[in-house]
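Order of appearance sets the numbers: ligands from 1, and atoms from 1 within every ligand.
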Amino acid sequence: MSGRAACGAAVKADGYGLGARGVVERLAAAGCRDFFVATWAEAQALMPRMDGLSLSVLHGVRAEDVGEAVGSPARPVLNSAAQVARWREAGGGACDVMVDTGMNRLGVSPDEVAAGLLDELRIETLMSHLACADEDSAMNRRQRDAFAGLSGRTTARRMSLANSAGVLLGEDYAFDLTRPGLALYGGVPRAEAAGTIRQVAYLEAQVLQVRTVRAGDSVGYGATWVAERDTQVAILNIGYADGYGRAFSDRGRALLAGEDLPVIGLVSMDLLAIEASRGDVAEDAWVEIAYDLTAMSATTRQSQYELLIRLGGRLERCWR
Ligand SMILES: *Cc1c(COP(=O)(O)O)cnc(C)c1O
């Protein structure tokens, strides 16, 4: 969908919670060459395995980053006149630059570019970031046009604007390089992509105990769930410390052999109760927890991004 542009990958926040190393390995094997992290600590964690790959650090160079950044094969994405000056003074090599075209988050202004701020700076990729790409907003075109106006104004070898939602806006948003994150991990940033993007991250938990709860008895903290009839209940080894938040209390679902098994009561820190009368649930069995990002985002009112990046360190990342 990026047309003739190269497709890079945002792997910040530990590959959106899925494990940056594993993500980079698989995407590199699939032909991806350009990766983006937020911080130098994230870059450092990936670094020994980035041979032949391009890694950009979106937060640029703070004073405390210069020492590490100058000798690094990763490139800072310079975000302000101060960062540009810092990079020049340090004798830094190739860099990327973020230009702010209206989001007013990070980036130098088009006016600063016109005034020569970037002259003779060795720029690999000139970037900007869309504020409203997941909506049909007039701002998208304004930002695209402002960015296109910078073409040929710097030494940049490539230009890059689109995140996941931006890729879906069409080829005239792709420029030379796109930077999806969310969509690579199964997130659906715009409704028209619902049939195109499949779930790729699945959640599973193991049954620690199965019990029969008698009619009138309750389950879990606060005794909030009360059995209307005798009910089989399975207790799973997952909880909000694993990122399966309390918003799933009484709302989440487990899936077993085609059966929907509802979460009952409050999610605990490490444990979860599901109603298991219909499924044939045994102790030690693994059950899938529904984690389709679009549906779960609607269920919990958490963004698809948050649902991914919260997946905790206790979960084992299994690649298939
Ligand atoms: C996080 C980020 C992306 C990826 O955004 P998605 O919405 O996850 O596709 C791209 N560019 C920048 C500058 C980012 O911060």
ask   = Would you call Asp242 and Arg314 a salt bridge, using N to O less than 4.0 angstrom?
value = yes
Proximal atoms of ligand 1 relative to Pro180 (non-hydrogen, under 4.0 Å) = 9 (O)
ask   = Transitively linked via ILVMFWY side-chain contacts under 4.5 Å: Val267 with Ile238?
value = yes
message = So for Met127, does at least one of its heavy atoms come nearer than 4.0 angstrom to any atom of ligand 1?
response = no
task = Counting heavy atoms only, name the option from Met103, Lys12, Arg179 that's nearest to atom 11 (N) of ligand 1.
result = Arg179
task = For Arg105 and ligand 1, answer yes if some heavy atom of the residue is under 4.0 Å from a ligand atom, otherwise no.
result = yes
task = Just need the protein heavy atom nearest to atom 5 (O) of ligand 1, so name the residue and atom and give the distance.
result = Asn163 CB, 3.4 Å
task = Tell me which protein heavy atom sits closest to atom 7 (O) of ligand 1, plus the residue, atom name and distance to 0.1 Å.
result = Tyr305 OH, 2.6 Å
request  = Could you find the nearest protein heavy atom to atom 9 (O) of ligand 1 and give me its residue, atom name and distance?
outcome  = Ser164 OG, 2.5 Å
key: atom 8 (O) of ligand 1 - nearest protein heavy atom and its distance   = Tyr16 OH, 2.5 Å
key: Any N or O of Ala183 closer than 3.5 Å to N or O of ligand 1   = no
ask   = Between Ser56 and Asp96, does any side-chain donor sit less than 3.5 Å from a side-chain acceptor?
value = yes
request  = Using the salt bridge (charged side-chain N to carboxylate O under 4.0 Å, His left out) rule, take Asp136 and Arg190 through it: C-alpha gap first, then chi angles, then the decisive distance, then the call.
outcome  = CA-CA 10 Å; Asp136 291 321; Arg190 294 178 59 91; 2.5 Å; yes
query = Atoms of ligand 1 less than 4.0 Å from Leu182 heavy atoms?
reply = 6 (P), 8 (O), 9 (O)
ask   = Within the side chain of Ser277, is there an N or O that forms a donor-acceptor pair under 3.5 Å with the backbone of Gln232?
value = yes
inquiry  = I'd like to know if the side chain of Asp292 reaches the main chain of Ala295, judged simply by a donor and an acceptor atom lying under 3.5 Å from each other, with no hydrogens or angles considered.
reply    = yes
task = For the residue pair Thr101 and Ser128, confirm or rule out a side-chain donor-acceptor distance under 3.5 Å.
result = yes
ask   = Could an N or O of ligand 1 be found under 3.5 Å from any N or O of Met98, whether backbone or side chain?
value = no
query = How about Tyr240 and Phe248: are their ring centres within less than 6.0 Å of each other?
reply = no
